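Beneath this line is the structure, given in structure tokens, with notes to follow.
What you see is a predicted model; the values in this text were computed from it and never measured.
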Amino acid sequence: MALGKVYSFGPTFRAEKSKTRRHLTEFWMVEPEVAYAELDDLMDLAEGLINFLVKRCLEKRRGDLQTIGRDVTKLEKIEAPFPRIAYDEAVKMLEEAHAKGVLENKFEWGGDLGSPDETYISSQFEKPVMVHRYPAQVKAFYMEPDPQRPELALCVDVLAPEGYGEIIGGSQRMASYELLVKRIHETAFPKKHSSGTLTCANLAACRTVASVWELSA
């Protein structure tokens, strides 16, 4: 926490189950940790990083992109600010798409987004779209609950356009030691594997944000 902003970059192995084939079992990941930050700060950070990477790629590697046949006009449209929609809004979009016959399966509130759901939502935008405040039951135990609606987690998934799906996932971390212990017991997560998370929550009533960038296998 004393450093304010830190990050790691290295190989990662996914432990949780996934509803989409886009989620790799093994991949390289950039993982920033930002002290005293909240969900909006996390979304600003993610937006800024994507915006920077796309602009730098166009600046330094435009010729390479054109050589391999990449339509750079689509990349040129990726400019901050990005659209931000709540999970509730995403569900409404999916329900309307199902009613029109665009989506085969009806989406129920409370579920996690699968590949067809992510593809449809992202297809409605020319920029990455941020879907925030998912139901806590489909997210990790350590995510801070929304004070206005405790059944929701203060988290965000960034969905890339052109059907690429989730490229960033992150959350505001839980600051209450007591609530964190309660959630560990509820999810039957081994306490011996959560010592680092508990230590952070026990040191101070700070808010720590971590976001995850899945870069490559």
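With hydrogens and angles disregarded, no donor-acceptor distance shorter than 3.5 Å links the side chain of Glu31 to the backbone of Phe9. Checked by atom type and distance alone, the side chain of Glu144 pairs as donor or acceptor with a backbone atom of Ala175 at under 3.5 Å. The closest donor-acceptor contact from the side chain of Glu89 to the backbone of Ala86 lies under 3.5 Å. In this structure a side-chain-to-backbone donor-acceptor pair under 3.5 Å is missing from Glu166 to Val158. When atom types are taken as modelled, the side chain of Lys127 and the backbone of Pro81 share a donor-acceptor pair closer than 3.5 angstrom.
No more than 12 heavy atoms of other residues, nucleotides or ligands shown are found within 6.0 angstrom of CD on Glu104. More than 12 non-hydrogen atoms from other residues, nucleotides or ligands lie less than 6.0 angstrom from CD of Glu162.
Applying side-chain contact (heavy atoms from CB on, under 4.5 Å) to Pro128 and the options Leu159, Asn51, Ile78 leaves one that passes, Ile78. When each of Arg61, Lys60, Arg62 is tested with Asp64 by the rule salt bridge (charged side-chain N to carboxylate O under 4.0 Å, His left out), just one qualifies, namely Arg61.
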Checklist entry - Between Asp117 and Phe107, is a side chain to side chain contact (heavy atoms under 4.5 Å, CB included) present by the stated rule, with each step listed? => result CA-CA 8 Å; Asp117 310 315; Phe107 188 86; 3.6 Å; yes
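In this structure, Leu179 and Pro145 have side chains that are in contact, with non-hydrogen atoms separated by less than 4.5 Å. Taking the side chain as every heavy atom from C-beta outward, Gln66 and Val72 approach each other to under 4.5 Å.
No donor-acceptor contact under 3.5 angstrom links the side chains of Asp112 and Tyr134, judged on distance only.
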